[in-house]
Amino acid sequence: MDINALYNEWLEKATGDPDLTAELESIKGKDDEILDRFYRSLEFGTAGLRGVIGAGTNRMNIYTVGRATQGLSDFLNKNYDNPSIAIGYDSRIKSDYFSKEAASILAANGIKVYIYEELEPTPCLSFAIRYFHTSSGIILTASHNPAKYNGYKCYNPKGYQMTDEEAAETYDFIQKVDYFTGIKKVDFDEAVADGRIEYIGQEVIDVFLDEVQKQCINPDIVKKADLKVIYTPLNGTGNKPVRQILDRIGIDKVYVVPEQENPDGNFPTCPFPNPEIKQVFEIGLEMNKNIGADILLATDPDCDRVGIAVPDKSGELVLMSGNEVGAMLLNYLLSERKAKGTLPSTAIAVKSFVSTDLAEVIAKKYNCTFKNLLTGFKYIGELITNLEDEGRASDFVMGFEESYGYLAGTHARDKDAVVASMLICEMAAYYKLKNMNLVDVMNSLYDEFGYYNNTVESYTFEGAAGMEKMAGIMDTLRANTPAEIGGYKVTAVSDYKTSKTTFTDGGEETIDLPKSNVLAFALEGGNKVIVRPSGTEPKIKAYITAIGDSKDGAAAIADKLIAASDEFMK
């Protein structure tokens, strides 16, 4: 591949967006800048596309989006009679522009398009697919990545992200498309006028909210508790639907962070709009000095993740992890449904296998079947769909991932911060009436089941060299399996790429999950280190579980395992 020839072709032909023309002109003669933009094409996988916004094959722009959409169109026309698609988008830079570009291409290929008339959360896209019975879905979002990123996620007719096989077949079609000559396109407004593109109205959002509201277990307690909530949508899509659902369940004291209320893809007050990061709460924490809220909520830009901060007995605000919120929600749903007699004897709950094992222990207490699946909410969506096909949809209690993604109900097949925000507030109100805050609740679970310290360490490797470095780290760990990590003996190694668990005593087991580039090291004492390259970011993540009899004891173990993980990444 001649990088400079590719660059010159784009310089000549990429004239459809003035921003791209200016960027290409600005990097003339800068070999490193040109290489970074053209050394590869953005890969299309089960997470779709994700990359920095800008010019080149390794960037998110109208040509990479157009090429992907033409390939998707070819895939749909091959596999479906009279195919249709739903499209959503978030507040990110160019998300609305890219969504209309995609709609125009799909319509030109004879595919009926339903597109939201304004930005909406990712779970609303999942809902729309099933509401309109479409063949596929697209949402333009980069979730919680920094402002320079955007992304393009594709869904199947079931409402969850494409399977490996669907994504691979779509990618085969995409690779056959020329960026500049291979894309069919019609005028967007003309396609709206003749019905090839149809806007999704408020009535669909209202039905979505109706389904979310059905997940309430104690619908009257929130008003009784007089709950005070500070909420930030982090300049994203959650502002309207989250406020609407909280209003529906009787919370009339919702204080929205004004600087982060309205859509803004630059995220001026939170450069990393990720509710896992304390910085996104700083303005809300300052507001709280004059409000005295019971809980602070933060949803990410596409409103599929939610983080919380709550005051402890001293009034100090504590940020709670995704693992803690997942464990508390599961305990609340199981205990209250059992008390009300609405918990099925065949109930099932699920989490990603890198999330806290505390959830599995809680589920066992209530005789609830528990499943561990690969990271990626599509696997939870697939499980719900299988239950539905078996007539067991009502058995699903909830699913979650440690990265602040939760789902109760079967209205969506992706994580949903709208329903999660509602249930978290209901849970907080329930315990407030018992004179407990959520820190008290979490401590009571630790007292009952043991202290689980779950930590995620992220290691960033940018650019072409970074990709090679990540691959090398995983190869080294496979070739040189450590006998101990942080002073704790390795008792088993699970390689999800080979679907095999090898025990140090010589035994082996087959892993009955799709293949994935993940290594899990089981350690003595129930401790664990899981190493996994991110599917959407230039990172390797180490998921660390440390179990102790006390907070300090578990933290000491975690520190040793973190230090050992740091060594792996050098």
Side-chain angles (χ1 to χ4, degrees), residues 1-45 47-72 92-95 97-99 101-102 105 140-143 145-153 167 170-183 185 265-267 271-272 458-474 533-540:
M1 177 177 62
D2 186 335
I3 298 291
N4 286 318
L6 195 55
Y7 163 73
N8 287 327
E9 181 186 23
W10 275 65
L11 189 62
E12 176 189 350
K13 296 178 179 178
T15 57
D17 181 345
D19 292 342
L20 302 185
T21 303
E23 182 179 341
L24 290 164
E25 289 285 354
S26 74
I27 62 171
K28 266 187 181 178
K30 299 176 181 178
D31 291 345
D32 288 346
E33 296 277 8
I34 293 171
L35 176 66
D36 188 45
R37 287 163 175 79
F38 290 99
Y39 80 91
R40 65 167 188 160
S41 293
L42 284 180
E43 290 186 14
F44 183 95
L49 303 173
R50 189 173 297 190
V52 174
I53 303 162
T57 58
N58 188 35
R59 294 288 189 268
M60 284 291 295
N61 52 65
I62 57 169
Y63 299 103
T64 52
V65 167
R67 182 174 184 248
T69 306
Q70 182 62 52
L72 175 63
R92 285 185 175 272
I93 296 165
K94 294 187 183 289
S95 277
Y97 179 34
F98 293 158
S99 70
E101 188 78 8
I105 293 165
L140 280 301
T141 177
S143 188
N145 285 159
K148 67 180 181 178
Y149 285 89
N150 210 327
Y152 177 106
K153 293 200 294 188
T170 301
Y171 189 43
D172 285 342
F173 280 109
I174 292 170
Q175 289 180 298
K176 298 171 185 175
V177 177
D178 184 271
Y179 286 100
F180 304 108
T181 62
I183 300 167
K185 187 179 171 185
N266 292 299
F267 310 117
F272 297 92
S458 293
Y459 305 88
T460 301
F461 303 90
E462 297 279 5
M467 298 288 286
E468 290 183 14
K469 177 71 172 175
M470 290 198 298
I473 289 168
M474 297 303 292
S534 172
T536 56
E537 300 172 277
K539 293 179 179 180
I540 291 182

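These numbers come from the heavy atoms of this one structure, side chains and all, not from hydrogens, waters or symmetry mates.
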Check against side-chain contact (heavy atoms from CB on, under 4.5 Å), Lys469 and Ile540 | CA-CA 10 Å; Lys469 177 71 172 175; Ile540 291 182; over 6 Å; no
Might you work through the side-chain contact (heavy atoms from CB on, under 4.5 Å) test for Lys148 and Ile53, ending with a clear yes or no?
-> CA-CA 6 Å; Lys148 67 180 181 178; Ile53 303 162; over 6 Å; no
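- Under the 3.5 Å distance criterion, the side-chain polar atoms of Arg40 are left unmatched by any main-chain donor or acceptor of Asn58.
- If you take NZ on Lys94 and CG on Leu140, they are separated by 12.0 Å, rounding to the nearest 0.5 Å.
- Within the 3.5 Å criterion, the main-chain N or O of Arg59 finds a donor-acceptor partner in the side chain of Thr64.
- Using a 4.5 Å heavy-atom threshold, the side chains of Tyr97 and Asn150 count as separate.
- Using a 4.5 Å heavy-atom threshold, the side chains of Tyr63 and Leu20 count as touching.
- Distance CZ/Arg92 to CG/Asn266: 10.5 Å, rounded to 0.5 Å.
- Atoms CH2 and OG1, on Trp10 and Thr15 in that order, are 11.5 Å from each other to the nearest 0.5 Å.
- A distance-only check finds no donor-acceptor pair linking the side chain of Tyr149 to the backbone of Ser143 [under 3.5 Å].
- No side-chain heavy atom of Thr69 sits less than 4.5 Å from a side-chain heavy atom of Glu101.
- No side-chain heavy atom of Tyr459 sits less than 4.5 Å from a side-chain heavy atom of Met470.
- In terms of modelled atom types and a separation under 3.5 Å, the side chain of Arg67 and the main chain of Val177 share a donor-acceptor contact.
- Taking every heavy atom of both residues into account, Glu462 and Pro538 meet most closely at OE1-CG, 3.6 Å.
- Note that the CD1 atom of Ile34 and the CG atom of Leu6 stand 10.5 Å from one another [nearest 0.5 Å].
- By the 4.5 Å heavy-atom criterion applied to side chains, Asn61 and Asp17 are not counted as neighbours.
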side-chain contact (heavy atoms from CB on, under 4.5 Å) between Phe180 and Glu9, worked out = CA-CA 10 Å; Phe180 304 108; Glu9 181 186 23; 4.0 Å; yes
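- Using cut-offs of 30° and 60° on the angle between ring planes, the pair Phe44 and Tyr171 is parallel.
- For Arg37 (side chain) and Tyr7 (main-chain N/O), no donor-acceptor pair under 3.5 Å exists by modelled atom type.
- The heavy-atom pair separating Lys539 from Ser458 by the smallest distance is CD-CB, 4.1 Å.
- Here the straight-line distance linking atom CG of Asp31 with atom CG of Asp36 works out to 12.5 Å at 0.5 Å rounding.
- The backbone N or O of Ile27 lies less than 3.5 Å from no partner atom in the side chain of Glu33, so there is not a single donor-acceptor pair.
- Taking every heavy atom of both residues into account, Thr170 and Leu72 meet most closely at CG2-CA, 3.9 Å.
- The shortest distance between side-chain heavy atoms of Asn8 and Glu12 does not fall below 4.5 Å.
- Looking only at side-chain heavy atoms (C-beta outward), Tyr152 and Leu42 stay at 4.5 Å or farther from each other.
- Leu49 is listed as a side-chain neighbour of Met60, based on a closest heavy-atom distance under 4.5 Å.
- Taken from CD1 in Ile183 to CD1 in Ile105, the straight-line distance is 5.5 Å, to the nearest 0.5 Å.
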